[in-house]
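Note on naming: letters A, B, ... go to the chains in the order of the sequence lines (proteins, then strands), and numbering restarts at 1 for each one. No experiment lies behind these values; they were computed from the predicted model shown.
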Amino acid sequence: MPELPEVETIVRDLAPFLLNRRIVRVQVWDPLLVRYPGRQDFNRRLTGRIILGWGRRGKYIVGRLSGGLTLLIHLRMTGRLLLNLAPGEKYQRAALDLDDGARLWYCDLRRFGDMWAYWPGEEEHLGGFNALGPEPLSPDFNSRWLAQRLAGRKAPIKALLLDQSLVAGLGNIYVDEALFLAGIFPGRPGGSLGPRELDALAASVKEVLTRAIEGRGTTFRDYRRGLGTPGEFQHQLQVYGRSGQPCLRCGEMLARMRAGGRTTVYCPRCQQ
DNA sequence: CCGTAGACCTGTGTGC
DNA sequence: TGCACACAGGTCTACG
C-alpha cells in the first residue's frame, strides 16, 4: 500500500505524539509480524524504551529508541500504523502502550508487514533495508546515478524503478505517475534512455513525490494517515487507476499493460 | 549477473 | 445467490 509519500505522512503525523514517550507495554498477536528477533525478545527489547527519534528511509519507518535500539517497520501492502484506534478498526496485529496512556496500533489486512528491533551489529537480519538505493528527494538521486545504474539494462524502465536498490521509496503509483510526467513509455528498456530522458525522469520523480507528500499521500483503499484520515493526492493522479479514461493532457484513451509484474497505466500518445 | 514468474496473505469486485 | 477468477500502494525466492 504505502509508498514514500504515504510513509512520510504517517511518520510526520505520529512524531509529535511519540517523541520522548516511553513504551510501557508491547503486544504482538500476529506470529508473522516480527522478523527479528523472536517475538519474546522483541517485546523484551522494546518494553521500557524511550522513543528518541522517528523517521523514514525508503518505505521503512525507523524509530530510534533509548539504549541504541532501532525499531524498523515496513507496512508492505496493507499495513497501518494508527495512534489510538478508530472504532471498528479490524485486523489488529500489534499494539504499543505509551506512558501517557496513548496506544500505537499496528493493523494489517494481508499480514505482509514486518517489524525488526535491532542493535548495532545485527544489521545482517534486516534484509532489503541494507540494500536501499538513494533517497529520491536527495541530491544523490539524479540523472548521473540513473545513467550509471541503467546502462546495459534490458528490463522495462517501469520494473527497474520499482527496484528499491536503484531508488528507495517508489512503488506502483508513483512510478506510473513519474513516467507519465517525463513522457517515457514504461516498457522502454532501461538502458535505452537518453541523457535528456534521464534528466526528465529524475526531475519527474522528485516532482511527483514532492507534490504527493504535500497532498499527504494517495488513498485508494487501505492507506490511512497516522490519525486515521485518508490522504488527498488521489485527486491529482494523472494515470494510476485511470486506464480507459482520457489522458488529462492530450485526451487519448489511457492504456494498460503489464510491466515488472504489475499493472501499468500510460498514455500511448504522450509516452512513446 | 539478469529478467521474469510464483509465492506470501486476505480481501473486494466482476462476470457467468 | 454461488462460484471462479482477476486484482490489490510490496518484496522475496527460485529458475532459466
### Task
Using a heavy-atom cut-off of under 4.0 Å over every strand shown, decide if A:Y174 touches base, sugar-phosphate, or nothing.
nothing
## Note on the structure
Sorted by chain and number, sequence neighbours left out, side-chain hydrogen bond (donor to acceptor under 3.5 Å, both in side chains) with A:Q238 holds for none
### Query
Going 5' to 3' along nucleotides 10-16 of chain C, which nucleotides have protein heavy atoms under 4.0 Å from the base (write B), which only from the sugar-phosphate (write S), and which from neither (write -)?
BBS----
### Distance, P atom - from B:dG6 to C:dC5, rounded to whole angstrom
15 Å
### Residues which pass ring-ring contact (aromatic ring centres under 6.0 Å, His included) with A:Y266, listed by chain and number, not counting sequence neighbours
A:F185
### Summary
Partner of A:F180 under side chain to side chain contact (heavy atoms under 4.5 Å, CB included), picked from A:C267, A:P186, A:S204, is A:C267
### Query
Of all residues at least two apart in sequence or in a different chain, which pass the side-chain hydrogen bond (donor to acceptor under 3.5 Å, both in side chains) check with A:R44?
A:D41
### Task
Starting at atom CG of A:D30, determine the distance to atom P of B:dC8, rounded to an integer number of angstrom.
16 Å
### Message
Taking CZ in A:R188 as the centre, count heavy atoms belonging to other residues, nucleotides or ligands within less than 6.0 Å. Is the count above 12?
### Response
yes
### Task
Calculate, to the nearest 0.5 Å, the distance between atoms CG and CD belonging to A:D140 and A:E135 respectively.
9.5 Å
#### Entry: Qualifying residues under side-chain hydrogen bond (donor to acceptor under 3.5 Å, both in side chains), relative to A:Q164, sequence neighbours excluded
none
### Message
Pair A:R80, A:D108 - check salt bridge (Lys or Arg N to Asp or Glu O under 4.0 Å), show working.
### Response
CA-CA 6 Å; A:R80 289 177 174 181; A:D108 189 357; over 6 Å; no
### Task
Using ring-ring contact (aromatic ring centres under 6.0 Å, His included) as the criterion, list what pairs up with A:Y240, not counting sequence neighbours.
A:F220
Validation: residues 145-153 of chain A side-chain donor-acceptor distances under 3.5 Å, sequence neighbours left out:
residue, atom, partner, partner atom, Å
A:W145, NE1, A:L166, O, 2.7
A:R149, NH1, A:S165, O, 3.0
A:R149, NH2, A:S165, OG, 3.3

### Message
Once you apply a heavy-atom cut-off of 4.0 Å, does A:R93 come out as touching a base, just sugar-phosphate, or nothing?
### Response
nothing
### DNA chain B contacts among residues 147-159 of chain A, heavy-atom distance under 4.0 Å
A:R153, A:K154, A:A155, A:P156
### Message
What is the distance, to the nearest angstrom, from the CZ atom on A:R258 to the P atom on B:dT4?
### Response
13 Å
### Message
Between B:dG3 and C:dA8, how far apart are the two P atoms, rounded to whole Å?
### Response
23 Å
### Message
Using whole Å, what does the distance between atom P of nucleotide B:dC2 and atom CG of A:L160 come to?
### Response
10 Å
### Query
When you measure from every atom of DNA chain C, which of residues 217-234 of chain A have a heavy atom less than 4.0 Å away?
A:T218, A:T219, A:F220, A:R221, A:D222, A:Y223
### Task
Write down the distance separating the C1' atoms in C:dT1 and B:dT10, rounded off to the nearest Å.
22 Å
### Task
Verify the contact: side-chain N or O of A:Y91 to OP1 or OP2 of B:dG11, cut-off strictly under 4.0 Å; return yes or no.
yes
### Summary
To the nearest angstrom, the CE-C1' distance between A:M257 and B:dT4 comes to 14 Å
### Task
Name all pairs fulfilling the ring pair (Phe, Tyr, Trp, His ring centres under 6.0 Å) condition that reach into residues 8-36 of chain A, sequence neighbours left out, sorted by first residue then second.
A:Y36-A:H125
### Query
More 5' along DNA chain B: A:L32 or A:K90, using each one's nearest nucleotide?
A:L32
## Note on the structure
Residues pairing under ring pair (Phe, Tyr, Trp, His ring centres under 6.0 Å) where one sits in residues 67-106 of chain A, two or more places apart or in two chains, turn out to be A:Y60-A:H74
### N or O in side chain of A:T263 less than 4.0 angstrom from C:dA8 OP1/OP2
yes
### Message
Test salt bridge (Lys or Arg N to Asp or Glu O under 4.0 Å) on A:E232 and A:R216; report intermediate values, then the result.
### Response
CA-CA 6 Å; A:E232 297 111 48; A:R216 308 296 182 182; 5.9 Å; no
### Basic-acidic side-chain contact under 4.0 Å: A:R45, A:E122
yes
### Task
Using whole Å, report how far CZ of A:R111 lies from P of B:dG11.
10 Å
### Message
Once pairs are restricted to Watson-Crick or G-U wobble with both distances under 3.5 Å, how does DNA chain B read as a dot-bracket string, [ ] for crossings and | for other-strand pairs?
### Response
.|||||||.|||||||
### Task
Take atom P in B:dC9 and the same atom in C:dC3, then report the distance between them in whole Å.
24 Å
